[in-house]
Number of protein chains: 2
Amino acid sequence: MELRHIRYFLAVAEEQNFTRAANRLHIAQPPLSQQIKALEEDIGTALFFRTPHGAELTDAGQALYREVSGLPLQLQQAKETALKAANGETGKLRLGVTGTAALHPAIPAVIRQYRRRYPEVELTIEEANSLALAEGLLSDRLDAAILRPSDPDPTQLIVQHFLEEQLVIALPSSHPIARAHDTIDIAILKQEPFIMTPRTLAVSLHDAVVHVCQEAGFEPIVGQPAPQIASILSMVSAELGISMLPESMQQLAVKGVVYRPIKKTSIKVELAVAHRAQHPPKPAINFAATVNQQRVAREALLAEKPAISLTDINQD
Amino acid sequence: MELRHIRYFLAVAEEQNFTRAANRLHIAQPPLSQQIKALEEDIGTALFFRTPHGAELTDAGQALYREVSGLPLQLQQAKETALKAANGETGKLRLGVTGTAALHPAIPAVIRQYRRRYPEVELTIEEANSLALAEGLLSDRLDAAILRPSDPDPTQLIVQHFLEEQLVIALPSSHPIARAHDTIDIAILKQEPFIMTPRTLAVSLHDAVVHVCQEAGFEPIVGQPAPQIASILSMVSAELGISMLPESMQQLAVKGVVYRPIKKTSIKVELAVAHRAQHPPKPAINFAATVNQQRVAREALLAEKPAISLTDINQD
DNA sequence: CCATAGCTATATCCAAAACATATCGAGATG
DNA sequence: CATCTCGATATGTTTTGGATATAGCTATGG
């Protein structure tokens, strides 16, 4: 039995007439009679009474009609379902976000836009440091991630630039430098212990901090290591040292911690979207594309009003 | 898209390997590759990743698999459903039973046997006089009927003999003849008014009664007409006359009515099963066949023990 | 009552397409 | 590096779905 037999059967059943059904199917009447006959032989029983004015269903034909009448629609929908999956309109997206970026307003903005565009994709979001995210992508625990890129193997991950942000200094509010300066010249931090994420866990942020100091002519004193943004701020608040963080972290107000911009530095930290290079799920590709649209929109806005505050850039 | 494409797709999806799938399908590998390619073009997206060690489903392939994996089974069941309908194992049987036979023990016996044999057939039973039953068959309100046959048009109805029964006299218990005789010689009923169903409604029973009387040398005095068995017995009980009824009606005990066998008569009334001659529904044919089996069984029993009481013949 | 119209079935032919065979190219493996 | 396994491609063959012509049947109208 082939689908053709079903289509032909349904046409004859609905037209109650072989000739009309053949016209509707855009074939001649004799092959239609043949195919119906073949179907009847395959099933093992007559499906139609042939009358001088047409054909009508036998009991077996009626039973068959009830069983298969929905089949063409069912198959059409199966095709559409497959296509939607291929276009990333259904399925799931396991998204990872680096802990030092989750608070950046552009992140919720891009997630919101993606959800609006692909409402049928099941989205799960996980927060981790950039190293864990990259590993998650490679081991197929994540489909896409927003992370601070180190320079990964480009044959394994595709990483696409999203945005850059400047660094700011986080220091205890009681600290003399915080009291004395609105913007900070890095050089005066030469003697301060820097609370940082270990380089293995967050290469690019760590390196950016070191570069800023080197630019100012010294190597930072590495204080207490801290894997999480929350623990960094706790330690600063506890006056164990100072820290240098992406400016979006100012969103996180912690008692006993103040933020100060850095005077004159060109060093910035980058945020990017990444997914596997081989067989990336279409939802991941679509998410990266959404990120890219956001990037273009952001850059247009920033070019127009360069003095704009980051928090204002939050359009969809 | 044809079913072949679905079957091939499922085979490759399950084997995760074109070559093995081709073996399973009893075709060579190249045509399988071609058909899968054609399916992919029809749907508009790739369904498999081809790897050096086989093939695995893309997201679209997985979505399609979920949609169509049940299809072969579904079609197989559709075929079986159609076949069952063709064999009369499903569907409905609208059965009519003549009012003057419903109490004959062979009727529930045959219905019980049919239901046991065809439990999935939806059975509805309707009681009416033989004329109404014949009309019901012709107008497709009934599929089969147990009735007392007149001689209908054999091109319209197929009527098959079931059983014969003798007639008995029903008379008021207060009637002098009832008091005086255990078996009745018809001749002494010459002056009694006969309560009968009108001939138009029940030809054969009416004619049998008349024949019995003619055999005894007189024409019966036609008393009150009554269309239903219940009303006949009421009237007898009300002493409006006597009646002659099939012996199975003795099952119906009515206060004030007694039954007496007839002395020496060869006249019997017949019970038969009937269905339409053209396009009889298979359930009707099966019912007639069941009736026929019962008839054969009954006749064998009666030949063996001719003195048996009718009520004892109630086997399945 | 015959002729006609409308229907499906049959016979024959052709063309499309499903399949088989042979071979190729790519990636994994010893 | 040779080999093995896999799917893809090229080409020829066979099957089969479909077209055309026509027959056979049954209602219907003159």
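All values below come from the heavy atoms of this structure, side chains included, with hydrogens, waters and symmetry mates left out. Just so it is clear, the model here is predicted, and its values are computed rather than measured.
Distance CD (B:Glu2) to C1' (C:dC19): 16 Å, rounded to an integer number of Å. Distance B:Leu39 CG to C:dA18 P: 12 Å, rounded to the nearest Å. One interatomic measurement links the two molecules: CD of A:Glu41 to P of C:dA9, which rounds to 12 Å at whole-angstrom precision. One can place CD of B:Gln35 at 13 Å from P of D:dA8, the figure rounded to the nearest angstrom. The nearest whole Å value for the distance from the CG atom in B:Asp42 to the P atom in C:dA17 is 13 Å. Atom-to-atom, CD1 of A:Ile27 to P of C:dA16 comes out at 16 Å; the value is rounded to the nearest Å. Regarding A:Glu56, its CD atom lies at a distance of 14 Å from the P atom of C:dC7, rounded to whole Å. In this structure, CD of A:Gln278 is placed 12 Å from P of C:dG27, rounded to the nearest angstrom.
Taking a 4.0 Å limit (strictly below) on heavy-atom distances, residues 4-11 of chain A reaches DNA chain D at A:Arg4, A:Tyr8.
The side chain of A:Lys37 contributes an N or O atom lying less than 4.0 Å from OP1 or OP2 of C:dT10. Between A:Gln34 and C:dT10 there is no side-chain polar atom (N or O) within less than 4.0 angstrom of OP1 or OP2.
Over its full length, the helix from C:dC1-D:dG30 to C:dG30-D:dC1 turns its helical axis through 10°, comparing axes from the five pairs at each end and rounding to 10°.
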Between A:Arg148 and A:Glu270, does the salt bridge (charged side-chain N to carboxylate O under 4.0 Å, His left out) criterion hold? Intermediate values first, please. CA-CA 6 Å; A:Arg148 302 197 183 276; A:Glu270 184 186 354; over 6 Å; no

Evaluate the side chain to side chain donor-acceptor pair (under 3.5 Å) criterion for residues B:Arg20 and B:Asn23: first the C-alpha distance (whole Å), next the side-chain angles of each, then the deciding distance (0.1 Å), finally the verdict. CA-CA 5 Å; B:Arg20 279 200 304 273; B:Asn23 287 334; over 6 Å; no

Candidate pair A:Gln77 and A:Thr81, rule side chain to side chain donor-acceptor pair (under 3.5 Å), full reasoning: CA-CA 6 Å; A:Gln77 286 174 348; A:Thr81 301; over 6 Å; no

One pair to check against side chain to side chain donor-acceptor pair (under 3.5 Å): B:Arg117 and B:Thr290. What are the steps and the verdict? CA-CA 9 Å; B:Arg117 171 74 183 80; B:Thr290 305; over 6 Å; no

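Here the shortest heavy-atom pairing between A:Ala82 and B:Ala60 reads O-CB, 3.3 Å.
A:Glu299 has a carboxylate O that lies under 4.0 Å from a charged side-chain N of A:Arg295, or vice versa, which qualifies the two as a salt bridge. We find that B:Glu40 and B:Arg50 are joined by a salt bridge, their nearest charged nitrogen and carboxylate oxygen being less than 4.0 Å apart.
Comparing B:Ala38 and A:Pro30 against DNA chain C, the residue whose closest nucleotide sits nearer the 5' end is A:Pro30.
A side-chain hydrogen bond (donor to acceptor under 3.5 Å, both in side chains) check over residues 3-13 of chain B, counting only residues at least two apart or in different chains, returns the pairs A:Glu2-B:Arg7, B:Arg4-B:Gln35, B:His5-B:Gln35. Annotation: side-chain hydrogen bond (donor to acceptor under 3.5 Å, both in side chains) contacts involving residues 51-69 of chain A, sequence neighbours excluded, comprise A:Glu14-A:Tyr65.
With a 4.5 Å cut-off on side-chain heavy atoms, A:Ile146 and A:Leu271 count as touching.
Scanning for salt bridge (Lys or Arg N to Asp or Glu O under 4.0 Å) contacts around A:Arg94 gives A:Asp140, A:Asp143, with sequence neighbours left out.
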Sub-3.5 Å pairs of nitrogen or oxygen atoms, protein against nucleotides 3-7 of chain D:
residue	atom	partner	partner atom	Å
D:dC6	O4'	B:Pro52	O	3.3
D:dG7	OP1	B:Phe18	N	2.3
D:dG7	OP2	B:Thr19	N	2.9
D:dG7	OP2	B:Thr19	OG1	2.4

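With distances taken from any side-chain atom of A:Pro31 to the nucleotides D:dA19, D:dT9, C:dC19, the minimum falls on D:dA19.
Less than 6.0 angstrom separates the ring centroid of B:Phe48 from the ring centroid of B:Phe9.
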